[in-house]
Amino acid sequence: MILIVYATTEGQTRKVARFCADELAGMGEGVELLPAAEARAEDTDTRAYDALILAGSVHAGRYQSDLVDFARTHAGGLNTARTLFLSVSLAAAGEDPDDWKGLEEGVSRFTAKTGWTPGRVVHVAGAFRFSEYDFFKSWAMRWIAAQKDQEIDPHKDKEYTDWGALRAELRAWRDG
Ligand SMILES: Cc1cc2nc3c(=O)[nH]c(=O)nc-3n(C[C@H](O)[C@H](O)[C@H](O)COP(=O)(O)O)c2cc1C
């Protein structure tokens, strides 16, 4: 049985986590999908699983506190299990070396804060979800898009997630 624990702010990581659950189920694996906020209430026993995936998204360089709390609480069990960390961000949609350095630093901070060292880390390109943003977020994200010369229509969501690449990463992790 594989447990997928995820945290999302605008919904893309939920979509990523569901995709992973469907893919793994398609490969014949038993899968449980749990929002990080609920994992605590459920008093999850990580030792009950053969492998675990944690997924979260980057906002101002950081992951959701529910995911940080889960990883910190279960670091002992996670460190001895087969694990995968999916980090969803917009930086992962591009090739800017500084952005990628920022992503690596974000993962290092997460690892230091939680005490969990993921068996494998995969950076997943996320999405602009203007339909979920308030006025200020929308303004900030339009500014970010302009800085990156990204063609966006602020009335439309735009997804960068490469589902085929994610499928290949999942398979490599499962078989590795
Ligand atoms: C307010 C805000 C801040 C963000 N900060 C970052 C960031 O620092 N680095 C980055 O690569 N992406 C950043 N993003 C992009 C998100 O990581 C991306 O939209 C992702 O798909 C969000 O996933 P979620 O919908 O699961 O929360 C930010 C997005 C928002 C709305």
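Note that the numbering runs from 1 along the sequence shown for the chain. Counting convention: from 1, in listed order, for ligands and their atoms alike. The figures here come from the full heavy-atom set of this structure, side chains too, leaving out hydrogens, waters and symmetry mates.
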Any atoms of ligand 1 less than 4.0 Å from a non-hydrogen atom of [X]? List them with their elements.
X: T13; result: 23 (O), 24 (P), 26 (O)
X: Y133; result: 31 (C)
X: A91; result: 10 (C), 11 (O)

- Query: Under 4.0 Å from ligand 1, counting heavy atoms only, is it the side chain of E132, its backbone, both or neither?
  - Reply: neither
- Message: Just to be sure I read this right, does ligand 1 sit under 4.0 Å from the backbone of A60, its side chain, both, or neither, counting only heavy atoms?
- Response: backbone
- So W116 and F85, would you call those rings parallel, tilted or perpendicular, with 30° and 60° as cut-offs? perpendicular
- Query: Is it true that E10 and K137 make a salt bridge, defined as a side-chain N closer than 4.0 Å to a carboxylate O?
  - Reply: yes
- Salt bridge check: are D153 and K158 linked by an N-O gap of less than 4.0 Å? no
- Note on the structure: Looking only at protein heavy atoms, what sits closest to atom 8 (O) of ligand 1 is G61 N, 3.1 Å
- A92 N/O to ligand 1 N/O under 3.5 Å: no
- Message: Can you check which of D157, D96, L90, D134 brings a heavy atom nearest to atom 15 (C) of ligand 1?
- Response: L90
- Task: Indicate the atoms forming the closest heavy-atom contact of P154 with F130, along with that distance.
- Result: O-CB, 3.4 Å
